[in-house]
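Data block below; observations after.
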Amino acid sequence: MTVKYWTLLTLVLLLPSSGTAAALCPKPSIQLPAGTLSKALIFLGQQCNISVLVEASAASHYELAEQTLRSDNGQFEPALQQLLLELPFKYERISPTSVAVITDDKKEQAAAKPAFHSTEEVTVTGQRLTGSHLHHSHLDGYAPVDALTRQQLEMTGAQTVADLLKFLPAVSGNFTSTSVSQEGDGTATVSLRGLPPSNTLVLLNGRRIISDGFKGEATDLNSIPLPMVERIEILKDGAFAIYGSDAIAGVVNIILQRDFEGLKVSSYYGQSQENDRQTKSHHLTWGWQGDRSHLLLSLAQYQQEAVMSRDRSVSDSADSRPNGGLDQRSSAIPGGFIALNDSTVITNTSRGDYQDWISEDRYDYSEHTSAIAPLDNNSVYLTGDIDVGDNAFLFAEIMGVRTLAESIMAPTPVFTRFNNDDFTIASENIYNAFSQDITDLRRRLVEIGPRKQTNRITTWRFNSGLKGLWQEWQWELGAAYQHTEKTEKLSNLIDSSALALGLKGPDRCNPNIGCIAVNLLGPSGSINTEQLDFIRSESVNNSDSQMTAVTLVADGTLAHLASGKIGAAAGIELRREAIDSLSVGSERISFIGGHAPGTTKGSRIIREAFTEVSIPLVEQLWLDGALRLSHYNDFGSTSNPKLALRWKPLPALMIRGSFATGFRAPTLTDVKQQSYLSQVTIIDPCSYHHPDTLPGCTKQADSSLIEHLSEFGGNPNLKPETSKNLSLGITWTPPSLEGFKATFDLYDIQQENVIGSDPQLLVEQNARSGLFGDKVVRDENGDISRIYATRLNQGNREVQGYDIALRYNLQPRHTGHFRLALNISHTLHHLTQVTPESQKEDLSGTFAGSANGEVGSLPKWKANAGIYWSKGFWEAAYTMHHVGPLEETFTQGERLTSRDIEDWSTHDFQFAVTPHKKLRLAIGVNNLLNQPPPLAATATNHNYDFRTYDLTGRFWYGTFSLNL
């Protein structure tokens, strides 16, 4: 562990404690509305940012009048004591930020009379804690869960869910951000533990939502507006038995606002120090509370402007050799790379003649590319509930989100030798002055202009159902329908059929058949408007995804033992998933400069039953178990259990451990997508190594060729991924340090039959080990002519590591309230085995970019630390994000080279004032020291890993919110 970690740890441990920690309530008093005790506890917990757990069947019978609770010092416990003073309840603190309200048999009478009508459930601030379907007071410590409250969200300054999650220590690997460039499609996903996004389950209000993010395999975070979020809970443990098969790495549960009354408006504006990435956000929330019903409406708008690659030093050139990187400029240049039959290569000059082509003539495409692209997001959320009597109430919610993203790429390149059509420039072509067929020409068509990618995504979600109480059981019957439409348009592409014809002689291309001869052999600017109109094209890809689900779940007390209650939950779920995507041009060979993903059409039905139980074996020892039975109409049946033990040998110490198995069926895209072609940037080891040194190389490949024709698509013969999860954790809350909590959690995840489709990985394994000879096809010159990168079960994976989390809430006399936090995630190893015949490779501590299968940055160390202070009207926050050093491996010349990627730390500040309880103003700065992301030589674009780091630099922002 580095010195900076020990410094932060020492700071947390040495700060003294005085007074009651854990909360800072509004001062000098809290106005509680009239209602049941259940609603009063919910309201009090929200006002003081404390999780309150209570048995709903007991608290729902007490009707309270409107009252005022004194909170002169902003402390939670005195206010709670006032509320419970004449009621037959007491409370127990179960963590620095949560309390349990329980029945007190010693109190003989209550001031309030029972009111026998239904009320909503009361659990952790009104919700189940992520990781369990149970409601009981032992949920604190049940699983490793990080919770981000609304106040914490505001103090980060983040305006999207993806930006908020990006720097969490448990998040690493190949997940996409809100930026859209050559890698993106307008969506954003999240990956825990360095596993693919398809292994992380994202819930909305504890319910499954449609998976339609990157490649249709994971939830799109851009479809969940952050201003509408009440809190986020991150379960860093496998939860397939609890929630479903795609919760192998963990769960991100996003809880939206619900219990709000009044009208609130807020606005945000920020921009970088370089006067770009201007960001605006506006949000309006209206809530109404009646005697038996509640209604909430929320509207949000988010706009983000671009950052161009050329405007940052790390990304302003594809040639990063001056900084220790690689030259990734393209051999397709505006003057043309023209290979003649005598093995000479020439190019046009600005003078109108020819000269020998040299490597320094390569084209630097970074001048045109957007590194962070513009994004517009508009959303509406409406939710309500009504008491229908008989201990039940009806709820419904609807959300609509529309996203528009635009990115810019360099003008289209043409490689006549490496395509799926006959692009030979015939000797009879009217522009061919060489009297020979030209088969290898590489040209950048700057005349056609930069390529533009536009993504439009519209998502609608509807959930409705009934909740109620029956004796000691709570139940919920719900139905959900979700629909996503996606359109992706790429313009300024080349029609491959038209270009192939336009390169032939007058006998095949003439005006009589509507053919225009194309001049690829002339200097830059030689392709006139008539020729451009003949070959210009665009691709339009449309996708329609739907999910319909019906769920019934109930939980309560199964039996009473001397050691406590046996809590149990059970449920059934019927779900239908469907996708229908079509690409304009998908039946043709391919577009040049873009892609037309193959048609995907299919549906599946999943029937599931699940159960969960928590048994107090003896006092302070619990056995927790869960089981999920699943049946897929296309992949058969599976059963996946989870067993866990929790033991409290001391009041301040909790030890927990669990074991579970998992099953992830291939997605509909994995199995149903038809094949399609695309040019992909790939580094071929055979172009840098002597062929005698690598088993898969037949000849020395062309080092100037870095873009290769690849075929992608689904595979109906895929097998499901299976997994085993082990975890062991300790939670410590010492009484001598009131408000302090420390957790340590070990995890081990083993997966088999991992599904992948990365062409770079195939090329690497083919060259270095001789594998995948049927998928990497080379021509007589040793150059790659085609890569078949359809999805396959490409091996096994094991990830092992541990997390450390420290929290300390304290309130020294006269200095306000402090909250200190430290989160550290350490990956011990990330083993991958591509095939059963290949060796295991440890990718922990590496950037696995274009040389290692594009799984992204897998730092051994990732951490953040924060100090948050408030007193009276004032608030301040400081947060540090840290990504540990990495190593990347690539070939340079004929030598395998390892290069260190420096560690990276940023510092964020926010200062806020609340001059009135209805008004909050804040200013902040992210990346105060303007630290650029470290160079990654093998990054496909922009010379850095945009999934892990931020290119923006110093970013200033201001925000205000007003309650009316």
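Along the sequence shown, residues are numbered consecutively beginning with 1.
Counting only N and O atoms by type, the side chains of S545 and T484 include no donor and acceptor under 3.5 Å apart. A donor and an acceptor atom, one from each side chain of Q751 and S723, are nowhere located under 3.5 Å apart. D945 and T948 form a side-chain donor-acceptor contact under 3.5 Å, judged by distance and modelled atom types alone. Side-chain polar atoms of R576 and Q546 form no donor-acceptor pair below 3.5 angstrom. For the 3.5 Å distance criterion, the side chains of E608 and S630 qualify, holding a donor opposite an acceptor.
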Walk me through it: do D220 and S223 pass the test side chain to side chain donor-acceptor pair (under 3.5 Å)? CA-CA 6 Å; D220 177 15; S223 68; 4.7 Å; no
- Verify side chain to side chain donor-acceptor pair (under 3.5 Å) between T638 and N640, making sure each step is shown before the conclusion. CA-CA 7 Å; T638 180; N640 293 283; 3.3 Å; yes
Would D748 and Q750 count as a side chain to side chain donor-acceptor pair (under 3.5 Å) if you check the C-alpha gap in whole Å, the side-chain angles of each, and the deciding distance to 0.1 Å? CA-CA 7 Å; D748 182 272; Q750 301 177 32; 3.0 Å; yes
_Apply side-chain contact (heavy atoms from CB on, under 4.5 Å) to residues L726 and Q800 and explain how you reach the verdict._
CA-CA 9 Å; L726 288 166; Q800 189 178 85; over 6 Å; no
**Message:** Go through it in stages, so that I can follow the logic: the residues are R646 and S614, the test is side-chain contact (heavy atoms from CB on, under 4.5 Å), and I'd like the CA-CA distance, side-chain angles, deciding distance and then a yes or no.
**Reply:** CA-CA 10 Å; R646 290 177 290 127; S614 180; 3.3 Å; yes
- request: Begin with the C-alpha distance, continue with both residues' side-chain angles, and end with the deciding distance and a verdict on side chain to side chain donor-acceptor pair (under 3.5 Å) for R207 and T551.
  value: CA-CA 9 Å; R207 304 181 184 97; T551 305; over 6 Å; no
Report task. Go through I606 and E577 one step at a time and tell me if the side-chain contact (heavy atoms from CB on, under 4.5 Å) criterion holds. Result -> CA-CA 8 Å; I606 305 103; E577 300 172 351; 3.9 Å; yes
What do the steps show when you test S658 against D237 for side-chain contact (heavy atoms from CB on, under 4.5 Å), and what is the final call? CA-CA 9 Å; S658 67; D237 187 22; 3.6 Å; yes
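Remark: side-chain polar atoms of S857 are not paired, donor with acceptor, to backbone N or O of P859 under 3.5 angstrom. When atom types are taken as modelled, the side chain of H830 and the backbone of L843 share no donor-acceptor pair closer than 3.5 angstrom. At least one donor-acceptor pair closer than 3.5 Å links the side chain of N725 to the backbone N or O of I248. A side-chain donor-acceptor contact under 3.5 Å links T160 to the backbone of D163. A donor-acceptor pair is defined here as one N or O able to donate and one able to accept, closer than 3.5 Å; no such pair exists between the side chain of N753 and the backbone of K719. Side chain of R208 to main chain of Y243: a donor-acceptor pair is present (N/O by atom type, distance under 3.5 Å, no hydrogens or angles). Under the 3.5 Å distance criterion, the side-chain polar atoms of E888 are matched with a main-chain donor or acceptor of T938. No side-chain donor-acceptor contact under 3.5 Å links N864 to the backbone of M880. Without hydrogens or angle criteria, K862 side chain to V171 main chain gives a donor-acceptor distance under 3.5 Å. When atom types are taken as modelled, the side chain of R628 and the backbone of I242 share a donor-acceptor pair closer than 3.5 angstrom.
Between the OG atom of S172 and the CH2 atom of W861 there is a distance of 14.0 Å, given to the nearest 0.5 Å. Rounded to the nearest 0.5 angstrom, N793 CG and N715 CG are separated by 7.5 Å. Rounded to the nearest 0.5 angstrom, S603 OG and K672 NZ are separated by 7.5 Å. With rounding to the nearest 0.5 angstrom, the CZ atom of R604 is 4.5 Å from the CG atom of L668. Interatomic distance, L621 CG to S563 OG, rounded to the nearest 0.5 Å: 9.0 Å. Note that CD1 of I605 is 10.0 Å distant from CG of D634, once rounded to the nearest 0.5 Å.
Applying the 6.0 Å contact sphere to CH2 of W473 captures more than 12 heavy atoms from other residues, nucleotides or ligands.
I824 places none of its side-chain heavy atoms less than 4.5 Å from the side chain of F744. Looking at L164 and I232, their side chains come closer than 4.5 Å, going by heavy atoms from C-beta outward. Under the 4.5 Å side-chain criterion, counting only non-hydrogen atoms from C-beta, L718 is in contact with I755. Annotation: side chain of H829 is in contact with side chain of E798 (closest heavy-atom distance under 4.5 Å). Side-chain contact between F740 and W732: present, with at least one pair of heavy atoms (C-beta onward) separated by less than 4.5 Å. The shortest side-chain heavy-atom distance between L195 and I749 falls under the 4.5 Å cut-off. Taking 4.5 Å as the limit, every side-chain heavy atom of I234 sits out of range of all side-chain heavy atoms of V145. Side-chain atoms of D146 and L235, non-hydrogen and from C-beta on, never get closer than 4.5 Å to each other.
The pair K642-D624 does not count as a salt bridge, with every side-chain nitrogen at least 4.0 angstrom from each carboxylate oxygen. A salt bridge is absent between K236 and D745; no separation between the charged side-chain nitrogens and carboxylate oxygens falls under 4.0 Å. Residues E841 and R797 are not paired through a salt bridge, judged by the lack of any N-O separation under 4.0 Å between the basic side chain and the carboxylate. With salt bridges taken as basic N to acidic carboxylate O contacts below 4.0 Å, one links R193 and D803.
The nearest pair of heavy atoms linking R150 to L226 is NH1-O, 3.2 Å. Scanning both residues, I901 and A936, for their nearest heavy atoms gives CD1-CB, 4.0 Å. Scanning all heavy atoms of the two residues, the minimum distance from L192 to T200 falls at N-OG1, 3.1 Å. Pairing each heavy atom of G714 with each of T790, the nearest pair is O-CB, 4.2 Å. Nearest heavy-atom pair across D842 and L828 is OD2-O, 4.2 Å. Across every non-hydrogen atom of I224 and I254, the tightest pair is CD1-CD1, 3.6 Å.
For an aromatic pair to be called close, the ring centres must be under 6.0 Å apart, and Y802 with Y747 fails this. For Y632 and F663, the ring centers sit closer than 6.0 Å to each other.
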